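The block underneath contains the structure these notes are about, expressed in structure tokens.
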2 protein chains.
Amino acid sequence: MNTFDLALQQLKEKGYKKTKQRERIIEIFASHDQYVPAKKILQDMQEEFPSVSFDTIYRNLYLLSRENMLEATELEGEKHFRLSCGTGHHHHHFICTDCGKTKLIEFCPMESMEEDLKGYEVENHKFEIYGKCPQCG
Amino acid sequence: MNTFDLALQQLKEKGYKKTKQRERIIEIFASHDQYVPAKKILQDMQEEFPSVSFDTIYRNLYLLSRENMLEATELEGEKHFRLSCGTGHHHHHFICTDCGKTKLIEFCPMESMEEDLKGYEVENHKFEIYGKCPQCG
DNA sequence: CACTAAATAAGAATGATTACGATTTAGATT
DNA sequence: AATCTAAATCGTAATCATTCTTATTTAGTG
């Protein structure tokens with residue numbers, strides 16, 4: 001089963017309605033193996049739904065993020081999203097500053113941080129590497 | 001020499017003018033050992049300079065960042081700044097999500113990434129840990 | 001004291017994101 | 001298939017951080 005059908009199935013299982021707009025949003029993500037800004041999703045959506053509202057875009061982006069179907073990160077002051085990759089295991093990304101495509105980084109630096117953070121309660125962390133991928137470099 | 005005087009001296013050496021506003025901005029940073037948003041700087045500034053403009057704040061924040069006197073990071077969609085700590089050597093931070101105070105992290109995960117990134121041109125990276133510091137936890 | 005480039009003030013403009021009332025629609029029920 | 005209801009969407013306005021523009025002021029120099 002491909003990522004598109006998988007995502008739709010997950011939505012159904014969680015009791016969300018299937019709408020044309022929602023389908024299209026997921027479709028757009030499935031065809032971009034990269035982080036894309038909300039703005040880009042809006043533009044792509046407008047081709048099929050000329051009167052789609054900001055609200056629909058953002059509401060769905062956050063819904064999909066909450067349900068772990070999207071990963072989010074802030075790049076240059078704009079929120080960017082991509083379909084969650086893989087099996088839900090923890091990972092990080094190299095992000096190409098040209099094309100936005102990503103490379104999975106399995107290594108997590110938190111594994112070696114316990115002793116340095118005695119007394120600190122860790123809630124979250126971010127490890128991202130930015131640069132040019134082989135195609136853009 | 002304390003951080004405040006050091007910063008002023010650096011500005012002078014680089015040929016920037018000494019203004020009351022600039023002095024105050026640095027003073028504010030020197031009294032906050034933590035990441036603070038531009039908004040906070042503006043508010044503190046207004047106590048002494050009721051008619052200070054956004055422009056003055058942002059222009060100086062970017063000037064000071066460019067000159068490596070401030071470190072910047074994006075937290076919750078807002079740019080945050082803090083006085084550069086230490087001797088200019090590369091480091092990362094634990095950032096308290098309550099009080100904003102930071103703890104220096106000497107370890108840099110990039111040291112063990114070369115082989116994973118063959119063919120990729122690394123420009124930058126971000127490693128930040130978020131949570132509660134001992135005082136807030 | 002006069003000069004000039006740098007810095008600031010005031011406020012408008014921009015751009016991303018959020019909010020909201022009115023309308024439509026998916027999916028369940030009859 | 002018709003009805004119902006909560007969820008989803010639309011259309012638009014509001015908000016918020018940030019950037020820009022023009023006129024004015026000021027620091028430092030001669």
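Residue numbers start from 1 in every chain, and the chains themselves are labelled A, B, ... in the order their sequence lines are given, proteins ahead of strands. Excluded from the calculations below are hydrogen atoms, water molecules and symmetry mates; all remaining heavy atoms, backbone and side chain alike, are included. None of the values given here were measured: they were computed from a predicted structure.
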Between [X] ([atom1]) and [N] ([atom2]), how many Å, whole number?
X: B:Q46; N: C:dA10; atom1: CD; atom2: P; value: 11 Å
X: A:E76; N: C:dT14; atom1: CD; atom2: P; value: 21 Å
X: A:F54; N: C:dG15; atom1: CZ; atom2: P; value: 12 Å
X: A:L61; N: C:dT17; atom1: CG; atom2: P; value: 9 Å
X: B:R59; N: D:dT21; atom1: CZ; atom2: P; value: 14 Å
X: A:K12; N: C:dA28; atom1: NZ; atom2: P; value: 8 Å
X: B:K39; N: D:dC16; atom1: NZ; atom2: C1'; value: 8 Å
X: B:I41; N: D:dA17; atom1: CD1; atom2: C1'; value: 15 Å

State which of [options] makes the closest approach to the side chain of [X].
X: A:D55; options: D:dT18, C:dC20, C:dA26; value: C:dC20
X: B:K79; options: C:dA9, D:dT18, C:dT25; value: D:dT18
X: B:V52; options: D:dT9, C:dA9, D:dA8; value: C:dA9
X: A:Y58; options: D:dA8, D:dT18, C:dT18; value: C:dT18
X: B:T19; options: D:dA8, C:dG11, C:dA7; value: C:dA7

Any A:Q21 side-chain nitrogen or oxygen under 4.0 Å from OP1 or OP2 of C:dT25: no

Report yes if at least one side-chain N or O of A:T56 is closer than 4.0 Å to OP1 or OP2 of D:dA8; otherwise report no.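 No, because none of the side-chain N or O atoms of A:T56 sits under 4.0 Å from OP1 or OP2 of D:dA8.
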
With the 4.5 Å side-chain cut-off for hydrophobic clustering, are A:L117 and B:Y130 part of the same group?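 No, A:L117 and B:Y130 fall in different hydrophobic clusters.
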
Report whether A:I25 and A:V36 are members of the same hydrophobic cluster (ILVMFWY, side-chain heavy atoms less than 4.5 Å apart, transitive linking).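 A:I25 and A:V36: one cluster.
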
Determine whether B:K18 and B:E23 make a side-chain contact, defined as any pair of heavy atoms from C-beta on separated by less than 4.5 Å.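 Result yes, sub-4.5 Å side-chain heavy-atom pair found.
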
Close side-chain approach of B:L61 to B:F29, heavy-atom, < 4.5 Å: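 In contact.
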
Of B:Y16 and A:P50, the one whose nearest nucleotide on DNA chain D sits closer to the 5' end is A:P50

Which comes earlier along DNA chain D counting from the 5' end, the contact point of B:A38 or that of B:K18, where each point is its nearest nucleotide? B:A38

Counting the atoms with a prime plus P, OP1 and OP2 as sugar-phosphate, which does B:Y62 contact under 4.0 Å by heavy atoms, base, sugar-phosphate, or nothing? sugar-phosphate

What is the ring orientation for B:Y62 with B:Y58, classed by angle as parallel under 30°, tilted 30 to 60°, or perpendicular over 60°?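 Parallel.
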
